[in-house]
Amino acid sequence: MHEKEILTSQEKQQLNAYCSEEIYQYGKNYLKLKEIFDSYGYRMPVECWHNFRDSWFHYRKLYTRKERISVLNEKYAMEEHLLRAWKDAIIFLLQEISQGLEFWYLKGTNFVGAEETMDTRIEGIINEVHANIDQGIDPKQFNWSRAIIDGYEGVDEQMLYMCCYYYYKKFISSKDMDDILQKLLHSLKDLVLMIRYSGTNIKRPNDPYEYMTKLLDLLQEINEKLRRNGALFLLPIGPVVSVCMEYQ
């Protein structure tokens, strides 16, 4: 291939159409992933937006290039930014969920004597929340931590986190739950390693969204195993509850 070889008009048109479709597909999948972030209460990392923005920079430069090598370099750079944005978003989500699970698995059962500090009001709140869930309200739809703030006068964030902790201790914590959390943590970390390891390979994946299927399967397993007794809503607040309880 000669360094100054010029693309034909048809080749340039096909390449531009391919790249625009890549950006469009990323946007569609990005919105799906953002819905998952929102459902768990997490915010997507700003780096994903930066990489998406940079992909447009290289896409626009396609229209100013004529030499084949120069055009292909812009195409590959665009693809790299899209792939990096996608992988970073999935890894970030997996790590956030892992961090929430690790608190409940490693520290949620280790506050010695914490039950002794639970006052009657907190006990009444968590009993009422559990009764609502026990009556058939789907915990996946019923964000009981939000309901505590909305439904009880004078419940600030400090008391909310204490309620969450005592709720976990009284209605969720068990040997079976510890086993479930341990297995989920292993699955989350395995998927992170798989994605990171793929980044060390020179060859790009045939389908940049192939990990989305693995992610959705894992999230379905998490939802099914943590839906009972409202444990699912403990995920995003684990680190904050940890800090709150350590200063009691």
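Quick caveat, the model's predicted, so the values are computed rather than measured.
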Quick one: do the Thr120 and Glu123 side chains pair a donor with an acceptor below 3.5 Å?
no
Mind checking whether Asp54 and Glu80 have side chains closer than 4.5 Å, heavy atoms only?
no
Looking only at the side chains, is there a donor atom on one of Gln95 and Gln99 sitting less than 3.5 Å from an acceptor on the other?
no
Which heavy-atom pair separates Leu185 from Ser98 by the least distance, and what is that distance?
CD2-O, 3.5 Å
Got Leu93 and Ile97 here, is their nearest side-chain heavy-atom distance under 4.5 Å?
yes
How long is the span from the CD1 atom in Ile91 to the CG atom in Leu215, to the nearest 0.5 Å?
11.0 Å
Does a donor on one side chain sit under 3.5 Å from an acceptor on the other, for Tyr165 and Trp104?
no
For the pair Arg68 and Glu11, find out whether any cationic side-chain nitrogen is under 4.0 Å from an anionic carboxylate oxygen.
yes
Would a single hydrophobic cluster contain both Trp56 and Trp86, if residues Ile, Leu, Val, Met, Phe, Trp and Tyr are joined by side-chain heavy-atom contacts under 4.5 Å?
yes
Kindly give the heavy-atom pair with the smallest separation between Cys48 and Ala89, and that separation in Å.
SG-CB, 3.4 Å
Tightest non-hydrogen contact, residues Met44 and Leu33, listed as CE-CD2, 4.0 Å
State yes or no: do Ile6 and Leu15 share one hydrophobic cluster built from I, L, V, M, F, W and Y residues joined by side-chain heavy-atom distances below 4.5 Å, directly or via other members?
no
Anything under 30° is parallel, anything over 60° is perpendicular, the rest tilted; go ahead and classify Phe37 against Tyr42.
perpendicular
ILVMFWY network linking Leu188 to Leu193, side-chain heavy atoms under 4.5 angstrom:
no
Pairwise distance CG(Leu82) to OH(Tyr59) - rounded to 0.5 angstrom:
11.5 Å
Heavy-atom distance under 4.5 Å between the side chains of Glu79 and Tyr76, does that happen here?
yes
Between Tyr30 and Trp49, does the ring-ring contact (aromatic ring centres under 6.0 Å, His included) criterion hold? Intermediate values first, please.
CA-CA 10 Å; Tyr30 180 89; Trp49 289 102; 5.0 Å; yes
Just wondering, more than 12 heavy atoms not from Gln10 lying within 6.0 Å of its CD?
no
CD1/Ile180 to CD1/Ile172 distance, rounded to the nearest 0.5 angstrom?
11.0 Å
Atom CZ of Arg53: over 12 foreign heavy atoms under 6.0 Å
yes
For the residue pair Lys214 and Met194, establish whether any side-chain heavy-atom pair is separated by less than 4.5 Å.
yes
Electrostatic pair Lys183:Asp179 at N-O distance under 4.0 angstrom
no
Of Val71, Leu7, Leu72, Asn73, which meets side chain to side chain contact (heavy atoms under 4.5 Å, CB included) against Arg65?
Val71
Atom OH of Tyr105 and atom CD of Gln182: how far apart are they, to the nearest 0.5 Å?
3.5 Å
Gln25 and Asn29 have their tightest heavy-atom pair at O-ND2, 2.8 Å
Is any side-chain heavy atom of Asn127 closer than 4.5 Å to a side-chain heavy atom of Lys170?
yes
Set out, in order, the CA-CA distance, both residues' side-chain angles and the distance that settles side-chain contact (heavy atoms from CB on, under 4.5 Å) for Ile36 and Lys32, then state yes or no.
CA-CA 7 Å; Ile36 296 174; Lys32 293 179 183 178; 5.9 Å; no
Work out which heavy atom in Tyr168 is nearest to a heavy atom in Met177; give both atom names and the distance.
OH-CG, 3.9 Å
Below 4.0 angstrom, N of the basic side chain to O of the carboxylate: do Glu102 and Lys189 qualify?
yes
If hydrophobic clusters are built from ILVMFWY residues whose side chains come within less than 4.5 Å, do Leu83 and Tyr18 share one?
no
Is there a donor-acceptor pair closer than 3.5 Å between any side-chain N or O of Ser70 and the backbone N or O of Glu67?
no
Are Phe57 and Met78 packed together at the side-chain level, in the sense that at least one heavy-atom pair is separated by less than 4.5 angstrom?
no
Asn16 side, atom CG; Lys12 side, atom NZ - distance, nearest 0.5 Å
5.5 Å
Pair Glu221 + Lys225, salt bridge at N-O below 4.0 Å
yes
For residues Pro45 and Asp88, report the shortest heavy-atom separation together with the two atoms involved.
CG-O, 4.5 Å
From Arg196 CZ over to Leu94 CG, what is the distance, rounded to the nearest 0.5 angstrom?
10.0 Å
